[in-house]
Each structure stands twice: as structure tokens, then as C-alpha cells.
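Below: the structure, in C-alpha cells.
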Amino acid sequence: MQLQYIPADAFTYSCVLKACSIIQDLQKGYKIHLHIIENDYEKDGPVCNALVDMYMKCGSIPEAHNVFDELQFRTVETWTSMIMGYSDGRMWPEVFHLFEQMQSDGIFPSAVTISSVLRACGNTGALERGRVIHKEFVTADALMIPTIANSLMSMYTKCGSLEEARKVFDKLHIRDATAYSVMIKGYGVIGEGKKAIECFRDMLKNGVSPDSVTFTCLLAACCHASLVYEGHALFRSMREDHGIEATLEHYVCMVGLFAKSGHLYEAERFLETFCLPYQRTWAALLSACKNYGEEELGNRSFEQLMIGNPYIPAWYVLMADTFAGSGNWNAASRLEELRKHSEIFKEPASALIEIEGQIHKFTVRNSPSKEVSDMVRSMNSRLKKEGHLPNLDSVLKSADDDEKEIGLCEHAEKLALAFGLIHTSQGQTIRVTKSMRICHDCHETNKFVSQIEKREIILRDDCSIHHFKDGSCSCGDNF
């Protein structure tokens with residue numbers, strides 16, 4: 001077109017920018033942008049919308065924002081491109097901020113906009129904000145749109161509110177494989193494996209064909225609930241009855257199922273039988289070795305992980321915890337020193353809690369306010385009086401017991417829990433979202449607090465949802 005000296009118009013630029021977005025070619029996008037400026041199309045609405053979309057999908061957020069800020073008229077597509085970009089980048093506060101700005105400008109959100117914001121609500125545990133969006137924007141007609149319905153159910157399940165997710169599910173006139181998969185996954189992460197299987201059977205009864213994702217959710221549910229026989233049967237049925245070939249996700253679930261249930265060597269044989277040189281399968285086995293203090297097998301798993309990628313801090317942490325669990329403190333300390341000497345640093349854990357529609361973030365050792373520090377100390381004092389002693393064995397550093405206890409007090413989820421106790425009324429459920437798996441000491445702390453304070457505490461970590469009530473947890477202490 002250029003070789004034939006045919007001038008481009010707004011439609012041409014929009015199409016070419018769309019192509020750049022699809023293949024995520026930022027360099028070509030830059031060149032097209034310069035071409036747009038040279039030909040005085042930088043103020044054209046559809047072209048600017050396409051520019052924003054291209055920059056966001058290519059991960060170039062500052063450039064997208066520059067174009068966005070210069071726009072005189074912003075359509076719902078423009079706002080949605082920005083919100084989706086921030087959502088894909090897991091920049092949740094920016095998603096909420098832009099959505100509020102969008103509402104202030106009087107722009108009604110599209111189905112894609114609502115889905116992106118609901119995703120942010122689910123990933124931050126912002127249940128109250130999600131409920132507001134449900135009430136204000138999700139009409140009965142909107143529930144007919146699968147994107148909105150599935151996003152709404154997913155938000156509720158991630159926030160630990162299966163009852164509300166089920167209400168949405170029951171209102172659906174048409175339930176596809178995705179809707180059933182969302183519910184199966186929701187039951188799975190709270191340890192209700194049998195309910196997940198019941199949901200699957202209901203799916204088959206209603207003539208809905210499962211897909212690969214459905215079986216990933218099913219096998220994960222069996223893993224969380226340690227349903228070894230049922231999980232193995234479903235794994236066989238997946239191929240024999242439904243013609244679905246196993247993927248990496250399915251193998252990871254199966255290794256996790258055997259390992260978490262204590263069948264560690266069965267998990268290793270499964271790995272060897274199917275020749276699975278994948279890091280995530282060995283990581284699942286190493287994680288279980290940590291829980292069972294199985295040092296020898298854990299070391300073999302760690303060696304396999306080192307062959308794949310020796311620069312991931314999580315592998316070192318899991319192996320060090322495995323050494324500690326079997327009482328080999330010298331090996332644990334040496335491995336920690338090796339990790340630090342190699343400058344392989346782990347990301348600090350963080351925890352989020354929503355109070356009156358606002359998200360508050362706490363990071364391990366982030367110097368909390370005096371109010372929160374006082375509450376943590378008071379909480380620990382009460383727990384000691386009730387017979388709960390801190391699990392100092394989970395602290396690897398060389399220090400006396402007092403220093404180790406202080407270190408445990410600085411865990412992000414404890415800071416968030418203390419903040420929640422301060423800023424919520426008696427009897428109100430506290431919901432915390434953590435970036436990493438909860439440690440044993442914090443797990444025990446939440447159990448005792450739920451009993452002493454007569455509170456329900458719902459904590460979602462990167463693996464599952466823990467529902468603490470009356471001194472016990474929905475996971476049955478198997479995590």
C-alpha cells in the first residue's frame with residue numbers, strides 16, 4: 001500500500017494497530033504511531049482508541065496513558081482497554097481507580113469492563129466492592145452474558161463466598177462447561193472435593209460435555225480434599241470416556257494428589273512412568289515432602305528442579321523447610337546461605353484486606369502502625385494464655401526464641417488480621433488475601449483467633465481458601 005503511494009486513513013491505522021496488538025509487536029506499533037502523528041491523525045478518536053489498546057496489550061502502560069490523557073472524548077472501548085491492561089498486569093488499585101473515573105465521566109461499562117473489574121475484586125478479596133458492582137450493573141439480562149456470569153461466580157468463589165456464587169449459578173438459564181468449571185473449582189479450593197464431584201455429575205446429567213479445564217478443576221478439587229481413589233478414577237475417565245488427552249495441568253494435579261495424601265513414592269513413580277520432566281510436577285512433590293519431612297525424596301526433587309532452573313527462590317525455600325521439618329537444621333541453614341550468597345532473593349509476602357470498600361496492603365516486616373503492632377502483641381498474649389505457643393520451628397534464621405517470635409509477629413497475614421480486628425465490628429467476618437502459602441504458625445493463630453474472638457476468618461493464599469471458624473479450619477489442617 002505504501003509502495004503504491006496510497007494514503008492511509010483512520011480505518012487503515014486502526015486495522016494495522018489491531019494487528020500489532022494481536023502479535024504484540026511494540027516496535028511496529030511505535031512506527032505506526034509516528035506515521036499517525038506525521039499524517040495528523042493523532043486526534044482521531046478511533047485511531048487513539050486503537051493506540052491505547054495496542055500499547056496496553058504490548059505492556060507499554062506509560063505510552064498508553066499518555067495517549068489516554070490527551071483524548072478529549074473517551075469511549076467505553078477506550079476505558080475498557082485501559083482497565084483490561086491494568087487487570088492483565090495485576091495492577092488492581094489502578095483498575096479500581098480507572099473504573100471510578102469512568103463512572104464519574106458517566107460512561108456505562110461494557111460486559112468486558114465489568115468482567116475485568118470483577119477479576120480485580122476476586123484477586124484482592126474485595127467482596128464488598130464486588131457486591132456493589134453486582135447490584136448496580138449486573139441485571140437479569142446481563143447474567144445472560146456468559147462473560148459476566150462466569151466472572152461474577154469466579155469473584156465470589158475467590159472471595160470465599162460459595163453461597164453467593166451458587167445463587168448466581170442457579171439463576172443461569174444456560175450453564176455451559178465454563179460455568180460448571182467455575183463452581184467445581186470453587187468447591188475445590190475450600191476443600192469440598194465431594195461437592196465438586198457432585199457438581200460434575202450434575203453437569204453430565206444435564207448433557208453438558210466437560211472440557212480439559214473442567215478436569216483440571218476436578219483433579220485439583222480431589223487434590224485439596226485428598227480423594228485419591230476418586231481422583232485416579234477421574235483421570236482415567238478423562239481419556240477413556242471423554243476423549244480428553246492429559247495436559248501438564250492434569251499431571252501436576254495428579255502428582256499433587258498422590259503426594260498431598262502421603263503417597264509420596266507413588267507420586268514419584270507416577271512422574272517416572274509418564275516421563276514428566278516439568279518443574280511444576282517436581283515442585284508439587286517437593287512441597288509435599290516439606291509437609292511430611294521426607295528429606296531424601298525432597299532432595300531428589302530439589303535436584304531435578306535445579307537442573308531445570310536454579311534461580312527460582314521458591315525451590316530453595318521449600319527444600320530448606322523440608323530439611324527443617326526433618327530436623328536437619330544445619331542443612332537448612334547452609335541452603336539458605338547459598339541462596340543469599342547466590343543473590344536469589346524471594347519476594348516479600350503480602351496480604352490484602354478490604355475495609356469499607358478500601359483495600360489495605362501489608363507486607364512482611366513493613367513497619368506497621370503502632371495501633372496494629374499493639375493489636376498483634378495483644379493478640380499473641382491472649383493466645384499464649386489460651387495455650388497457643390508460637391511455632392518457632394518454622395523460623396530458619398539463627399536467633400534466640402524471642403527474636404524468632406518477633407519475626408513470626410511480622411508475617412503479613414497477621415498484620416492484616418490485626419488490622420481487621422481493629423476496624424471491623426464484633427462478629428463480622430474477616431477476609432484476607434495472601435500472596436503466598438500460609439505458614440503453620442499463622443494457620444494455628446487464625447484458628448485460635450476465630451475461637452477466642454468468635455469470628456469467621458476467610459483467608460485465601462496462593463493455593464487454597466481457608467475458612468476458620470470456632471477454632472478449626474475447612475482444610476482439616478492438611479495444606
Atom CD of residue position Gln101 - does it have more than 12 heavy atoms of other residues, nucleotides or ligands inside 6.0 Å? yes
Full working for side-chain contact (heavy atoms from CB on, under 4.5 Å) between Ser212 and His250: CA-CA 9 Å; Ser212 179; His250 302 129; 3.1 Å; yes
Donor-acceptor under 3.5 Å (Asp461 side chain, Cys463 main chain): yes
If the threshold is 4.0 Å, N to carboxylate O, is there a salt bridge linking Glu266 and Arg269? yes
Is a side-chain donor-acceptor pair under 3.5 Å present for Thr424 with Arg455? yes
Any side-chain heavy-atom pair from Thr433 and Thr124 closer than 4.5 angstrom? no
I would like to know whether Tyr187 and Arg166 meet side-chain contact (heavy atoms from CB on, under 4.5 Å); could you show each step before the answer? CA-CA 10 Å; Tyr187 284 123; Arg166 185 73 203 200; 3.4 Å; yes
Stepwise side-chain contact (heavy atoms from CB on, under 4.5 Å) test for Thr157 and Lys185: CA-CA 8 Å; Thr157 58; Lys185 182 177 181 180; over 6 Å; no
Which atom pair, heavy atoms only, marks the closest approach of Ala179 to Leu172? CB-CD1, 4.1 Å
Main-chain N/O of Glu295 paired to Asn299 side chain as donor or acceptor, under 3.5 Å: no
Could you tell me if the side chain of Leu219 sits less than 4.5 Å from the side chain of Leu257, heavy atoms only? no
Mind checking the CG-OG1 spacing from Leu118 to Thr147? Nearest 0.5 Å is all I need. 11.0 Å
Straight-line distance of Tyr311 OH to Met306 CE, nearest 0.5 Å: 10.0 Å
On a heavy-atom basis, which atom in Ile344 and which in Pro310 lie closest, and how many Å separate them? CD1-O, 3.4 Å
Stepwise side-chain contact (heavy atoms from CB on, under 4.5 Å) check, Asn123 with Arg90: CA-CA 9 Å; Asn123 280 282; Arg90 305 184 69 82; 3.4 Å; yes
So which pairs with a foot in residues 223-236 pass side-chain hydrogen bond (donor to acceptor under 3.5 Å, both in side chains), sequence neighbours left out? Ser226-Asn478
Just wondering, do Ser326 and Tyr292 contact through their side chains at under 4.5 Å, heavy atoms? no
Answer yes or no: is there a donor N or O on one side and an acceptor on the other, between the side chain of Arg239 and the main chain of Glu245, under 3.5 Å? no
Answer whether the closest heavy-atom distance between the side chains of Val117 and Pro109 falls below 4.5 Å. no
Establish, yes or no, whether a centroid distance under 6.0 Å links the rings of Phe235 and Phe215. no
Evaluation steps, salt bridge (charged side-chain N to carboxylate O under 4.0 Å, His left out), between Asp170 and Lys167: CA-CA 5 Å; Asp170 290 339; Lys167 285 179 183 177; over 6 Å; no
Does Glu128 pair with Arg131 as a salt bridge, N-O distance under 4.0 Å? yes
Would you name the heavy atoms of Thr363 and Pro348 that are closest together and state the gap between them? CG2-CB, 3.6 Å
Taking atom types as modelled and ignoring hydrogens, do the side chains of Tyr156 and His134 form a donor-acceptor contact shorter than 3.5 angstrom? yes
Pick one: which of Lys434, Arg431, Lys361 meets salt bridge (charged side-chain N to carboxylate O under 4.0 Å, His left out) with Glu413? Lys434
Looking at Gln24 and Lys57, would you say the former's side chain and the latter's main chain have a donor-acceptor pair under 3.5 Å? yes
Are Leu297 and Arg300 packed together at the side-chain level, in the sense that at least one heavy-atom pair is separated by less than 4.5 angstrom? yes
Electrostatic pair Glu444-Lys447, nearest N-O below 4.0 angstrom: yes
Any chance you could measure Arg280, atom CZ, to Ser287, atom OG, to the nearest 0.5 Å? 12.5 Å
Does the side chain of Gln279 come under 3.5 Å of the side chain of Asn309 through a donor N or O and an acceptor N or O? no
Test item: Phe137 and Thr113 side chains (from C-beta on) under 4.5 Å apart, heavy atoms: no
Whether the side chain of Thr445 engages the backbone of Asp441 through a donor-acceptor N/O pair (distance < 3.5 Å, no angle test) should be reported. yes
Under a 4.0 Å N-O cut-off, is there an ion pair linking Lys205 with Asp202? no
Distance-minimising heavy-atom pair for Cys253 and Ala220: SG-N, 3.8 Å
Closest non-hydrogen atom pair, Leu204 against Pro210: CD2-CD, 3.7 Å
From Thr281, Leu318, Asp321, residue fulfilling side-chain contact (heavy atoms from CB on, under 4.5 Å) relative to Leu286: Leu318
Nearest-0.5 Å distance that lies between atom CG in Asp462 and atom CE in Met436: 8.0 Å
Does either side chain, that of Ser181 or that of Thr214, offer a donor lying less than 3.5 Å from an acceptor on the other one? yes
Is it the case that Glu249 and Thr216 place a side-chain donor and acceptor less than 3.5 Å from each other? no
Pick from Glu356, Glu354, His360: which one makes a side-chain contact (heavy atoms from CB on, under 4.5 Å) with Gln358? His360
Write down the atom of Ala349, the atom of Ala412, and the distance for their closest heavy-atom approach. O-CB, 3.8 Å
What do you reckon, is CD of Glu296 surrounded by more than 12 foreign heavy atoms closer than 6.0 Å? no
With a 4.5 Å cut-off on side-chain heavy atoms, are Asn150 and Asp176 touching? yes
If you round to the nearest 0.5 Å, how far is CE of Met56 from CG of Asp88? 9.0 Å
Phe468 vs His466 aromatic rings, parallel, tilted or perpendicular, using cut-offs 30° and 60°? parallel
Within the distance-only criterion (no hydrogens, no angle test), does the side chain of Arg460 pair as donor or acceptor with the backbone N or O of Gly122 below 3.5 angstrom? yes
Answer yes if the ring centres of Tyr265 and Phe258 are under 6.0 angstrom apart, and no otherwise. no
How many angstroms lie between OG in Ser472 and CG in Asp477, if you round to the nearest 0.5 Å? 8.5 Å
His423 side chain reached by Ile353 side chain, heavy atoms, under 4.5 Å: no
